[in-house]
Amino acid sequence: MTTTDSRTRSLIDVDVLEYHRLLTPEQQEKLAEIRAALAEIVTPHVAEAWSRDEFPHEIARRVGELGYNHISGMTEDPLFRGHLMAELARADISLSVYFALHNDLVGATLEALGSEEQKQTWLPGLYAMEYTGCFALTEPEHGSDVAGGMATTARREGDEWVINGAKRWIGNGTMSRIAIVWARDEEDDQVKGFIVETDTPGYEATKIEHKTAVKIVQNADITFTDVRIPAENKLEKANTFADTNVILLGSRNGLGWQAVGAQQGILDAARRYALERTQFGRPIAGHQLVQSLLVQIAANLAATLGMAHRAVQLEAAGEVSMTQASLVKLKTSQMCRESAALGRQMMGGNGILADVGLGRFFCDVEAIFTYEGTYEVNSLIVGRGLTGHSAFL
Ligand SMILES: Cc1cc2nc3c(=O)[nH]c(=O)nc-3n(C[C@H](O)[C@H](O)[C@H](O)COP(=O)(O)OP(=O)(O)OC[C@H]3O[C@@H](n4cnc5c(N)ncnc54)[C@H](O)[C@@H]3O)c2cc1C
């Protein structure tokens with residue numbers, strides 16, 4: 001029997017609890033425009049680039065022109081900004097990673113920790129997309145324990161800093177004009193931030209090959225061999241690891257929106273397929289077990305939206321803590337991962353395809369689950385907040 005619930009039939013979007021109605025009518029309209037533009041610019045072409053591990057420069061340029069080149073210039077409303085980031089992840093997770101790096105890590109670091117001169121030098125070109133940057137924190141031997149274990153060093157020599165060491169997994173690393181590099185000052189042992197121009201002698205970036213997630217993002221191994229930069233390229237306000245955490249708190253807290261967008265994309269594709277695919281003489285959408293899979297994804301999405309909204313409220317009030325950001329990150333990325341598996345399962349064999357199926361999302365959510373702190377590391381942060389006991393060691 002087909003549904004007679006007119007309210008259900010009128011659902012135009014996968015946002016069952018209608019969170020989008022918390023936006024103004026103008027914002028909802030703009031969001032619909034952006035969604036339509038992304039469906040034209042990104043959706044038909046992106047799987048090809050993804051399958052070839054290539055960065056689609058022309059697609060990224062056109063996405064940038066929609067306002068993603070400088071998202072905080074597009075809106076000052078953090079809730080709308082969250083929905084905008086979700087729309088991009090809904091079209092493609094890799095591109096949302098690229099623009100999150102561009103805006104939330106590189107742009108945000110320069111804005112929050114740079115001097116006025118550093119901002120004037122680097123932000124206009126960054127936001128005009130004349131170039132992009134990367135954020136180099138993780139190291140080959142220090143991922144989760146990078147705060148205490150960072151081995152990359154910076155040494156002050158006259159009016160220069162000399163950087164030595166290695167970084168790993170650095171998104172945009174092979175195609176950036178500047179790198180925000182975190183290194184331990186040999187003199188006071190504190191982690192400091194530096195702007196390194198990537199054509200400086202001694203800087204070498206090598207693409208990490210054979211990735212199976214966010215394949216469009218060009219992640220790199222970077223080595224620094226006596227890289228000499230002018231003293232004025234030290235980020236003015238990046239003097240301890242706590243300063244890095246200011247940036248990571250914001251980006252981690254915003255990650256829920258990437259999980260929202262990914263699940264919107266997953267539910268879009270799964271619902272469409274369920275309505276189109278016929279087995280045993282009826283659309284598979286009419287089979288109870290198929291509906292159960294769709295409902296689980298929709299429920300995960302609604303829960304993720306709730307957490308992402310609350311995270312934005314806390315951040316806007318200037319009250320978000322790392323415990324809260326970690327809880328949002330670990331749970332939303334876990335639900336996202338589950339939704340990708342359910343959607344892929346629901347689409348049968350076609351589910352593993354990168355273009356018409358959910359193969360791309362299925363692989364890409366593994367990256368969301370891992371970066372900005374793994375599930376375990378974020379659990380330890382929340383556990384410490386709940387109990388007062390640190391269980392890291
Ligand atoms: C696609 C992608 C993009 C990335 N982009 C960037 C980037 O642009 N810039 C950047 O600086 N970094 C980036 N990263 C790095 C990312 O932040 C790290 O991968 C992440 O912090 C985990 O570090 P690791 O991979 O070295 O794993 P490890 O730290 O080696 O962890 C391995 C396993 O051990 C577990 N573990 C570690 N410590 C504990 C503990 N105390 N208790 C229990 N379990 C523990 C972890 O949870 C994990 O399961 C990226 C990573 C990926 C995959």
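Counting convention: from 1, in listed order, for ligands and their atoms alike. Residues take their numbers from the sequence shown, with the count starting at 1. These values consider heavy atoms only, across backbone and side chains, with no hydrogens, waters or symmetry-generated copies.
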Protein neighbours of ligand 1 with a heavy atom under 4.0 Å, given by chain and number, are L101, F135, L137, T138, G143, S144, W169, I170, G171, V214, N219, A367, T370, Y371, T374, E376, L380, F392
Where does the angle between the aromatic ring planes of Y127 and H70 fall among parallel (under 30°), tilted (30 to 60°) and perpendicular (over 60°)?
-> parallel
Kindly state whether the ring of W182 and the ring of F241 have centres lying under 6.0 angstrom apart.
-> no
Taking 4.0 angstrom as the limit, do D13 and R35 come out as a salt bridge?
-> yes
For the pair H102 and Y98, name the ring-plane relationship: parallel under 30°, tilted 30 to 60°, perpendicular over 60°.
-> parallel
Carboxylate-amine/guanidinium proximity below 4.0 Å for K30 and E26 = no
Are E366 and R337 ion-paired here, with the side-chain N under 4.0 Å from a carboxylate O?
-> yes
